[in-house]
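Let me begin by presenting the structure, written as structure tokens, before commenting on it.
Source: prediction; values computed, not measured. Only heavy atoms go into these numbers, but all of them, side chains included; no hydrogens, no water, no symmetry mates.
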There are 2 protein chains.
Amino acid sequence: MTAHPPLRAHHFVKVACEDCNLTRICLPKDLEDDGIKDLSKVVRRDRTLQKGETLYWAGESFSGIYALKSGSAKLVHTDRQGRETIISLVLPGELFGFDGLTAKEHRCALVALETSRYCELASSDLEPLAKKIPSLQHILLERSCEQMDQVVEQLAASQRPAEERLAGFLLDLASRYQRRGFPFESFNLSLTRQDIGHHLGLALETVSRLLGRLESAGIIKVQGKRIQLLDINGLKTAAGQPEERSASTLI
Amino acid sequence: MTAHPPLRAHHFVKVACEDCNLTRICLPKDLEDDGIKDLSKVVRRDRTLQKGETLYWAGESFSGIYALKSGSAKLVHTDRQGRETIISLVLPGELFGFDGLTAKEHRCALVALETSRYCELASSDLEPLAKKIPSLQHILLERSCEQMDQVVEQLAASQRPAEERLAGFLLDLASRYQRRGFPFESFNLSLTRQDIGHHLGLALETVSRLLGRLESAGIIKVQGKRIQLLDINGLKTAAGQPEERSASTLI
DNA sequence: CGGTAATTTGACTCTTCTCAAGAGGCGTGG
DNA sequence: CCACGCCTCTTGAGAAGAGTCAAATTACCG
């Protein structure tokens with residue numbers, strides 16, 4: 001895999017989809033050039049959310065599919081008793097909003113974890129656009145199935161012990177950051193310990209203790225929200241993943 | 001809600017989609033009459049699975065979207081360490097196969113829990129059919145998002161105590177059976193205790209004990225796989241759902 | 001009717017949660 | 001620039017829910 005330069009926020013210029021640095025990750029990924037241009041014409045671009053701001057609440061009516069352009073956000077499900085579950089951490093280039101598509105009403109809330117920008121493909125534009133781009137509906141179907149795969153993976157993970165879940169989470173985050181041009185071994189968590197707990201089904205104290213344990217094992221280095229991965233194979237082992245045969249062990 | 005007569009298996013006749021008794025639940029639900037006829041022409045109908053037989057394994061290549069016609073099945077995810085999670089219990093009229101759509105390779109296995117029949121919409125027929133029925137892709141998108149909603153609900157439930165999960169599972173099953181014309185208060189589990197455990201993230205012994213506990217509380221009656229719901233409100237309370245205000249309490 | 005698989009029940013263990021207290025970090029305003 | 005207050009994080013101790021292991025009972029299939 002080739003490394004790309006870090007994705008920089010275009011703070012002052014609205015970039016057309018075809019010129020966006022997220023074109024390899026975001027919706028355009030699977031579209032041909034003409035489709036990207038058609039898409040670009042109707043996308044509402046570069047809206048901003050401040051940290052803690054909510055784009056939509058659960059129960060609000062569905063208005064479209066969104067793509068995160070910069071920053072990060074959490075997709076939060078809240079049950080009748082007020083218990084929160086973070087369904088996903090949303091990073092730049094990722095789509096969200098599918099939680100409102102069936103019922104025409106969102107099942108989750110989307111909350112920014114830092115100052116973030118996003119683009120909107122309004123539901124009213126969706127049908128006309130689908131006529132111009134025949135493959136669009138199928139691409140959206142694929143993306144929603146992809147997100148379901150991820151939730152299924154989480155559901156399966158929820159049966160594994162806490163340390164495996166946390167280690168797996170860190171590995172997943174690292175590779176997602178890497179795909180966006182950031183170093184694999186070092187990143188900042190935009191989630192609090194509480195949020196990580198709500199994502200992994202753990203108490204915040206357990207998250208803190210487990211991070212401490214991985215640190216004392218020399219596997220990671222923790223400085224508040226900054227995480228460094230010191231021993232990737234150790235982390236994979238902790239995540240319950242079979243260790244890759246590295247070059248050095250082949251001698 | 002009107003009660004429909006129990007859905008009987010058409011053991012010897014292949015029924016066109018427009019004449020199928022599942023037309024209010026299955027894919028035709030959202031299609032106009034012409035669409036149903038077009039669909040009916042390409043659907044491969046009434047294939048059979050014996051109890052324990054597998055329609056597809058994880059890793060097998062995606063070949064289409066399926067609908068269960070009779071019987072029941074489980075969609076099973078198996079992780080690297082061989083731990084199983086039952087993602088969903090599939091009942092007649094429900095679609096499955098979305099787990100293979102993105103990667104073109106199934107992520108889960110589908111296993112019949114009893115002698116069952118199913119219909120197939122082959123992926124090769126999907127594109128031509130979508131041209132004849134413009135709304136088809138969107139309907140499939142809605143269905144996949146609906147299934148995601150259900151998995152999200154399960155993920156949220158996985159953080160709740162065991163008894164709530166089990167009680168919620170029984171209530172969900174009852175209403176799904178009711179929709180298919182069976183009585184709400186009484187049904188046969190096609191899952192073993194082990195499978196229920198794999199579905200809810202519990203040990204089979206815990207499932208057995210909790211069923212026993214609900215029975216001694218007079219909320220349900222358990223006779224092996226036969227379950228009777230004796231006290232719906234009690235069950236809702238056990239599931240952590242706010243009790244409905246019933247007519248009698250309004251006096 | 002025998003054998004295998006499923007279920008129940010008991011005793012014990014252990015992971016993770018809860019409650020609690022203290023430390024650290026950050027932004028705001030004086 | 002420092003002090004205050006608030007939010008987040010860490011760490012400890014004890015409790016509890018659910019898991020594991022084991023054995024007996026029951027149900028089901030051929």
| What distance do B:S70 atom OG and B:L91 atom CG have between them, rounded to the nearest 0.5 Å? | 11.5 Å
| said: Can you measure A:R165 atom CZ to C:dT15 atom P for me and round it to whole angstrom units? | reply: 13 Å
Please write out each protein N/O paired with an N/O of nucleotides 6-8 of chain C under 3.5 Å, distance rounded to 0.1 Å.
| residue | atom | partner | partner atom | Å |
| --- | --- | --- | --- | --- |
| C:dT7 | OP1 | B:K225 | NZ | 2.8 |
| C:dT7 | OP2 | B:R193 | N | 2.8 |
| C:dT8 | OP1 | B:R193 | NH2 | 3.1 |
| C:dT8 | OP2 | B:R193 | NE | 2.8 |
| C:dT8 | OP2 | B:S208 | OG | 2.7 |
| C:dT8 | O5' | B:S208 | OG | 3.1 |

| query | Which heavy atom of B:A239 sits nearest a heavy atom of B:L171, and at what distance? | reply | CB-CD1, 3.9 Å
| field | A:L75/A:F98 under side chain to side chain contact (heavy atoms under 4.5 Å, CB included): CA gap, chis, key distance, verdict | value | CA-CA 11 Å; A:L75 190 65; A:F98 292 107; over 6 Å; no
| task | Specify the separation, in whole Å, of atom CD of A:Q159 and atom P of D:dT20. | result | 11 Å
| task | Just report the end-to-end axis angle for the helix from C:dC1-D:dG30 to C:dG30-D:dC1, five pairs per end, to 10 degrees. | result | 50°
| The side chain of A:T206 lies closest to which of these nucleotides: C:dT16, D:dT20, C:dC17? | C:dC17
| query | Does a salt bridge link A:E164 with B:R80, judged by any charged N lying under 4.0 Å from a carboxylate O? | reply | no
| message | Do the side chains of B:E94 and B:R179 get close enough for a salt bridge, i.e. N-O under 4.0 angstrom? | response | no
| When all nucleic acid strands are considered with a 4.0 Å heavy-atom cut-off, which category describes A:G201: base, sugar-phosphate, or nothing? | sugar-phosphate
| said: Closer than 3.5 angstrom, by distance alone: can the side chain of B:R165 be matched with the main-chain N or O of B:L200 as a donor-acceptor pair? | reply: yes
| message | Quick check: on DNA chain D, is the nucleotide nearest B:K51 upstream (toward 5') of the one nearest B:P161, or the reverse? Name the residue that is more 5'. | response | B:P161
| field | Salt bridge present between B:R47 and B:E53 (N-O < 4.0 angstrom) | value | no
| task | Could you tell me the separation between the CG atom of A:L214 and the C1' atom of D:dT10, rounded to a whole number of Å? | result | 15 Å
| said: Can you classify the ring geometry of A:Y56 versus A:H106 as parallel (below 30°), tilted (30 to 60°) or perpendicular (above 60°)? | reply: parallel
